[in-house]
Amino acid sequence: ESSKTSKEFSMATCNGSNLSLPKVINDPIHGTIELHKFAELIMGAPEFQRLRHLKQLGVTYLVYPSGTHTRFEHSVGTYHLAWQLAKTLKSRATTPETELTDDEVLCVALAGLCHDLGHGPFSHLWEVLVKTGGRFGDYHHEGMSVQLVDIIIDQVISSGLSGAAEFADFMRRRHEASGGTNRELIKQLILGGPEDQEMRC
């Protein structure tokens, strides 16, 4: 006899006889965070998994031993907060013109998830070191994040994984506000503006 709650069933999708519930992360700050299936696909990429090994606070842990959380944890938290913010803005819109679409809400969340992909070892200290070296004087982690987002999206689309075709359709879909694709919107959100203003790496 199943003990699943009605909430769990309402979020579930039936695929034949298989019941697929959303994956969750138990976060010490935000509690239970549900992952959208597209977030799961992105997080499975090696380029995202490397964030598990990058400390959010760089070398601060040498002075403050408990400051050891990673860019992975930070990115999941940012995904969650971005999702909550976008849903709240959508629910409080006063006119159809200002209401976010479901696609836009998801794009905001995925941009939050991917915004720090471009960080290197030691986080912001890495940018200082790279710029000081002279060869990559214009390096910014946001620009590198966008390049890695493109790599991950292409990898997921060509992976053949469950949900990859739907993921591809979503990334190619255009929205009325800008005329661009969801893929372009995610990158613009990471950069803080149109892609032609991209900070070069």
Side-chain angles (χ1 to χ4, degrees), residues 8-25 33-52 54 71-72 74-87 89-90 99-119 140-201:
E8 287 174 319
F9 276 116
S10 71
M11 293 182 296
T13 55
C14 291
N15 182 7
S17 61
N18 296 325
L19 186 63
S20 175
L21 295 173
K23 298 282 191 301
V24 296
I25 289 180
I33 298 175
E34 290 186 5
L35 297 177
H36 189 278
K37 55 191 169 186
F38 296 165
E40 284 185 61
L41 289 169
I42 290 170
M43 290 172 68
E47 292 82 1
F48 192 93
Q49 288 296 313
R50 65 183 275 279
L51 298 179
R52 291 181 183 275
L54 299 180
R71 289 276 166 195
F72 182 92
H74 168 71
S75 296
V76 171
T78 305
Y79 160 83
H80 173 70
L81 292 177
W83 187 282
Q84 297 302 315
L85 172 65
K87 285 198 303 186
L89 290 174
K90 177 180 173 62
E99 183 177 346
L100 296 176
T101 65
D102 290 339
D103 275 10
E104 288 167 337
V105 169
L106 183 52
C107 284
V108 169
L110 294 179
L113 183 69
C114 297
H115 80 285
D116 270 353
L117 281 171
H119 271 291
H140 293 276
H141 76 271
E142 296 91 348
M144 183 59 74
S145 293
V146 164
Q147 291 184 35
L148 289 170
V149 163
D150 273 330
I151 290 169
I152 291 172
I153 289 173
D154 290 340
Q155 286 176 350
V156 171
I157 289 172
S158 63
S159 69
L161 292 170
S162 175
E166 188 180 352
F167 179 87
D169 290 343
F170 173 81
M171 289 298 171
R172 295 177 183 133
R173 195 155 54 231
R174 295 192 172 274
H175 48 89
E176 294 181 17
S178 70
T181 63
N182 287 330
R183 178 181 188 148
E184 290 163 350
L185 178 57
I186 291 168
K187 295 192 294 183
Q188 288 173 6
L189 289 166
I190 292 171
L191 291 169
E195 200 170 353
D196 60 2
Q197 296 176 10
E198 178 178 340
M199 291 175 259
R200 302 297 173 189
C201 299

Exercise for the section: Flag the pair L113 / F48 as yes when at least one side-chain heavy-atom distance between them is below 4.5 Å, and no otherwise. Expected result: yes
Problem - Flag, side chain of E166 to backbone of G163, donor-acceptor distance under 3.5 Å - result: no
Practice task
Give, for atom NZ of K187 and atom CD of Q147, the distance between the pair rounded to the nearest 0.5 Å.
Solution key: 9.5 Å
Fill in the blank from the handout: For I186 and A111 the tightest heavy-atom approach is O-CB, 3.8 Å
Exercise for the section: Drop me the distance from I190's CD1 to L185's CG, to the nearest 0.5 angstrom. Expected result: 10.0 Å
Exercise for the section: Hey, could you give me the OG/CD1 distance between S159 and I152, rounded to the nearest 0.5 Å? Expected result: 12.0 Å
Completion exercise
Separation between NE2 (H80) and CD (E34), nearest 0.5 Å, reads 10.0 Å
Completion exercise
The salt bridge (Lys or Arg N to Asp or Glu O under 4.0 Å) partners of R173 (sequence neighbours excluded) come to D103
Handout entry: T78 (side chain) donor-acceptor with G112 (main chain) under 3.5 angstrom
Key = no
Problem - Within residues 42-51 or reaching into it, pairs that qualify as side-chain hydrogen bond (donor to acceptor under 3.5 Å, both in side chains) - sequence neighbours excluded - result: E47-Q155, Q49-R52
Completion exercise
Closest heavy-atom pair, A86 versus L100, reported as atoms and distance to 0.1 Å, is O-CD1, 3.6 Å
Exercise for the section: Could you tell me which non-hydrogen atom of V156 sits nearest to which non-hydrogen atom of A164, and how far apart they are? Expected result: O-CB, 3.3 Å
Fill in the blank from the handout: Taken to the nearest 0.5 Å, the spacing of L117 CG from H141 NE2 works out to 10.0 Å
Exercise for the section: May I ask you to test the M43-E40 pair for a side-chain heavy-atom distance under 4.5 Å? Expected result: no
Handout entry: Backbone of R172 reached by a side-chain donor or acceptor of T181 within 3.5 Å
Key = no
Practice task
Tell me, please, which residues at least two apart from F170 pass ring pair (Phe, Tyr, Trp, His ring centres under 6.0 Å).
Solution key: F38
Problem - Any H36 side-chain heavy atom under 4.5 Å of L110 side chain - result: no
Problem - Value rounded to 0.5 Å, distance of CZ in R183 from CD in Q188 - result: 13.0 Å
Exercise for the section: Mind listing the closest non-hydrogen atom pair of L106 and W83 along with its distance? Expected result: CD1-CZ3, 3.1 Å
Handout entry: Student check: side-chain heavy atoms of I153 and V149 closer than 4.5 Å
Key = yes
Completion exercise
Nearest heavy-atom contact between A82 and A109 is CB-CA, 4.0 Å
